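What follows is a single structure, written as structure tokens, with notes after it.
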Amino acid sequence: MSKDEKAITGRDESYSDWYIDIVRKAGLADYSAVKGCMVIKPYGFAIWENMQRQLDKMFKDTGHVNAYFPLFIPKSFLSKEADHVEGFAKECAVVTHHRLMNNPDGSGVVVDPSAKLEEELIVRPTSETIIWNTYRDWIQSYRDLPLLINQWANVVRWEMRTRLFLRTAEFLWQEGHTAHATKQEAIDEAKLMLDIYAQFAEEWMAMPVVKGVKTANERFAGADDTYTIEALMQDGKALQSGTSHFLGQNFAKAFDVKFQDNNNKEQYVWATSWGVSTRLMGGLIMTHSDDKGLVLPPKLAPIQVVIVPIPKPNGLINEAADKIIADLKAKGITVKADMDKKKSPGFKFAEYELQGIPVRIGIGKRDLENGTVELARRDTLEKMNVPVEGIADYIENLLVEIQDNLFNRARTYRDETTTSVDTFEEFKQVLDEKGGFVSAHWDGTTETEKKIKELTQATIRCIPIGNPQEEGKCILTGEPSKERVLFAKAY
RNA sequence: CGGGGCGUAGCGCAGUCCGGUUAGCGCACCUGUUUUGGGAACAGGGGGUCGCAGGUUCGAAUCCUGCCGCCCCGACCA
């Protein structure tokens with residue numbers, strides 16, 4: 001096999017082709033026979049499972065439980081909350097019939113026109129409506145609250161344009177839906193989940209994020225407030241990586257969900273919803289990977305260490321490898337030994353770099369003689385000779401170091417690619433030449449926000465939480481402003 | 001929804017303009033031998049309804065008509 005055929009497109013050449021090459025050649029996902037839908041392959045799914053496992057733990061540690069609600073939603077449900085239906089109506093898949101029949105002309109199967117549904121069903125684009133319709137029956141008293149439920153599910157949003165992991169017609173996610181007795185409690189919940197998302201992104205994905213609030217224009221359809229974590233990709237575009245919504249009483253009123261408080265007074269409940277999706281996979285890829293392929297943070301890598309015999313396996317090498325494998329496994333480190341005799345070491349090196357495995361161990365004759373192994377780290381591509389004695393401890397520390405290094409590197413990039421500007425000229429120049437987050441004053445109107453988007457393609461990603469208050473003038477209109485907001489071109 | 005591209009072996013493509021042996025090449029795959037510290041070499045081998053349906057023709061991957069699918073670029077979105 002030649003280098004060129006296996007090589008991935010360089011980031012400088014085409015960032016978009018680079019991304020697709022990594023997704024496909026590292027075996028994460030593939031296009032499917034269905035337009036806009038992808039197949040998540042075993043290696044990609046293993047990474048997603050690691051994400052799920054940790055997130056699920058964090059949800060449960062904060063008192064949430066999992067449940068499952070239907071894929072199909074009666075059409076009438078969707079129209080009960082006005083903003084919500086307006087936000088999603090344009091991208092819904094609709095089930096109209098429930099039976100097929102043989103085409104009378106013998107050409108295959110066709111929809112049986114006599115099997116038309118009384119009420120059409122929507123394939124969930126999100127589950128607020130079916131869930132709140134159910135919560136009405138579950139909630140009577142303040143003692144039923146708070147209700148803290150999450151579900152892991154697939155949803156469908158009929159997008160015009162798709163991109164593997166970042167935007168597909170069907171995607172996997174989790175959606176939390178909670179009900180509370182008071183407004184403050186619901187706001188606290190929405191913020192708590194945002195913190196959990198941020199903590200997960202930074203500590204597990206090694207992906208630095210900005211926590212913030214969305215502007216009215218960017219808010220979730222049906223929410224009073226939308227909180228977001230925003231990450232910056234290597235091409236200078238922002239990725240909305242998770243959102244948490246304070247829904248006020250909008251869904252409670254739409255679905256008539258009331259409870260009796262401890263004064264026997266009837267009240268509408270307060271709600272939140274929050275979600276992260278397989279889009280995080282896209283963020284993970286675009287935060288760390290390089291021109292050799294995927295780079296994975298050790299905490300999420302399905303295989304943390306790979307052992308490659310040089311030049312091929314033999315009794316002594318196998319023996320040395322088995323010992324190392326046992327020591328690593330005892331520490332809970334996942335390890336794979338590639339004892340395939342047909343493939344050359346060079347092939348394996350390239351292959352595991354493409355797959356982003358954090359640490360590679362090479363064992364050859366020279367190593368056996370010297371009592372060492374060759375360690376290669378994926379994040380820096382450094383190679384070093386390390387004594388076999390104490391290798392498991394060494395690797396355990398190295399994995400932590402790699403995790404930290406990836407985060408620090410990404411944070412440095414993010415900080416260096418965040419620019420404060422005070423004029424519209426500067427604003428445009430930074431967006432064109434440098435990209436990244438641009439911190440600027442804005443007059444607070446949707447009209448100005450839309451105008452800026454029209455002129456520059458940049459949107460307000462968020463108003464950062466804990467944003468310093470500062471007198472200034474809107475970069476577009478010159479109207480007074482009391483704080484900066486974060487702009488960027490976004491995925 | 002507008003614009004563009006593509007559909008020939010598992011993958012990537014040539015052949016199509018100008019119809020004519022048994023449809024070809026690279027990679028991958030199988031067998032064997034020699035190799036092996038950064039994507040090995042040689043030899044042999046298997047694998048195809050040429051997207052689908054009609055039509056023209058002695059003869060269609062190639063020409064005509066219709067259809068289907070996917071990808072890319074834009075507007076909308078996690």
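Chain letters run A, B, ... following the sequence lines, proteins first, then strands; residues in each count from 1. Please read all numbers here as calculations on a predicted model, not as lab measurements.
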Less than 6.0 angstrom separating the ring centers of [X] and [Y], yes or no?
X: H84(A); Y: F220(A); value: yes
X: F487(A); Y: F437(A); value: no
X: F59(A); Y: W274(A); value: yes

Under 3.5 Å, is there a donor on one side chain and an acceptor on the other for [X] and [Y]?
X: T215(A); Y: E449(A); value: yes
X: T243(A); Y: T228(A); value: no
X: D83(A); Y: N250(A); value: no
X: N385(A); Y: N370(A); value: no
X: S127(A); Y: R124(A); value: no
X: N217(A); Y: T446(A); value: no

Checking contacts here: which listed nucleotide ([options]) is nearest the side-chain heavy atoms of [X]?
X: S344(A); options: G39(B), A78(B), G37(B); answer: G39(B)
X: R366(A); options: A78(B), G37(B), G38(B); answer: G37(B)
X: K312(A); options: A78(B), G38(B), U36(B); answer: U36(B)
X: T168(A); options: G37(B), C73(B), A78(B); answer: A78(B)
X: E374(A); options: G38(B), C77(B), G37(B); answer: G37(B)
X: P311(A); options: A40(B), C73(B), U36(B); answer: U36(B)
X: F347(A); options: A78(B), G38(B), A40(B); answer: A40(B)

Classify the nucleic acid contact of [X] as base, sugar-phosphate or nothing, counting any heavy atom under 4.0 Å across all strands shown.
X: K348(A); result: nothing
X: L166(A); result: base
X: E353(A); result: base
X: R163(A); result: nothing
X: Q240(A); result: sugar-phosphate

Using whole Å, what does the distance between atom P of nucleotide C72(B) and atom CZ of R167(A) come to? 11 Å

Return the value, rounded to whole Å, for the distance between atom CE of M384(A) and atom C1' of G37(B). 17 Å

Go ahead and name the base partner of [N]; Watson-Crick or wobble counts if both distances stay under 3.5 Å, otherwise write none.
N: C27(B); answer: G10(B)
N: C18(B); answer: none
N: G54(B); answer: C64(B)
N: G59(B); answer: none
N: G32(B); answer: C42(B)

Mind listing the residues from residues 206-228 of chain A sitting with a heavy atom below 4.0 Å of RNA chain B? Number order is fine. none

Using the 3.5 Å cut-off, write out each protein N or O paired with an N or O of nucleotides 5-11 of chain B and the distance between them.
none

Among Y19(A), Y491(A), W18(A), find the one that has a side-chain hydrogen bond (donor to acceptor under 3.5 Å, both in side chains) with D235(A). Y491(A)

Any donor-acceptor pair under 3.5 Å joining the side chain of K292(A) to the base of G39(B)? no

With no angle test and no hydrogens, is the base of C77(B) tied to the side chain of R157(A) by a donor-acceptor pair under 3.5 Å? no

Salt bridge present between E128(A) and K80(A) (N-O < 4.0 angstrom): no

P-based separation of G3(B) from C67(B) [nearest Å]: 15 Å

Considering just the side-chain nitrogens and oxygens of S277(A), establish if one lies under 4.0 Å of OP1 or OP2 belonging to A78(B). no

